[in-house]
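Only a predicted model underlies this, so the values are computations on that prediction, with no experimental measurement involved.
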Amino acid sequence: MPLGPAEVRSAAGAADAITVGRSTKADVRAALGEAVVVDFATGYEVWVYKERPRDKAPATELVLLFDPSGVLAKTRIR
């Protein structure tokens with residue numbers, strides 16, 4: 001079954017495919033596809049990907065923070 005918008009098979013696997021301090025927005029989009037994007041007036045952006053739910057487990061999200069230059073600054077799995 002194909003992934004939906006802003007959906008990844010594994011949040012941990014997706015996080016391993018990108019590099020804090022080096023990956024750009026274009027790199028992440030190429031590796032993971034489109035995300036749900038929240039942009040701030042400061043120039044920072046937060047991108048969110050949801051892990052495809054398995055069984056009855058709660059949904060896991062991969063949250064990415066990009067600095068104003070477009071470089072990945074931080075990741076969090078929640």
Side-chain angles (χ1 to χ4, degrees):
M1 176 182 235
L3 293 172
E7 191 175 53
V8 294
R9 293 191 196 290
S10 162
D16 289 343
I18 55 181
T19 305
V20 171
R22 191 169 55 195
S23 294
T24 64
K25 290 188 233 182
D27 296 334
V28 173
R29 191 176 290 114
L32 306 180
E34 294 298 321
V36 172
V37 177
V38 179
D39 55 345
F40 297 92
T42 59
Y44 284 87
E45 283 187 14
V46 171
W47 289 18
V48 180
Y49 293 91
K50 286 192 181 250
E51 188 174 284
R52 174 170 280 173
R54 291 185 298 259
D55 302 321
K56 302 225 187 272
T60 301
E61 294 179 326
L62 173 62
V63 182
L64 309 177
L65 175 68
F66 290 91
D67 66 25
S69 70
V71 175
L72 183 62
K74 189 173 186 178
T75 67
R76 175 171 289 161
I77 295 175
R78 61 177 188 176

Rounded to the nearest 0.5 Å, how far apart are [atom1] of [X] and [atom2] of [Y]?
X	Y	atom1	atom2	answer
Asp67	Lys74	CG	NZ	13.5 Å
Arg76	Leu62	CZ	CG	11.5 Å
Leu72	Leu65	CG	CG	7.5 Å

Contact check, side chains of Val28 and Phe66, non-hydrogen atoms, under 4.5 Å: yes
Student check: side-chain heavy atoms of Val38 and Val48 closer than 4.5 Å: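 Not in contact.
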Exceeds 12 heavy-atom contacts within 6.0 angstrom, atom NZ of Lys25: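 Buried by this count: over 12 neighbours within 6.0 Å.
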If two hydrophobic side chains count as joined below 4.5 Å and joins carry through other members, does [X] share a cluster with [Y]?
X	Y	answer
Val71	Val37	no
Phe40	Val63	yes
Val46	Ile77	no

Any donor-acceptor pair under 3.5 Å linking the side chain of [X] with the backbone of [Y]?
X	Y	result
Tyr49	Leu64	no
Glu51	Ala11	yes
Asp16	Gly13	no

Partner set under side chain to side chain contact (heavy atoms under 4.5 Å, CB included) for Asp39, not counting sequence neighbours: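 Per chain and number, Asp39 pairs via side chain to side chain contact (heavy atoms under 4.5 Å, CB included) with Glu45.
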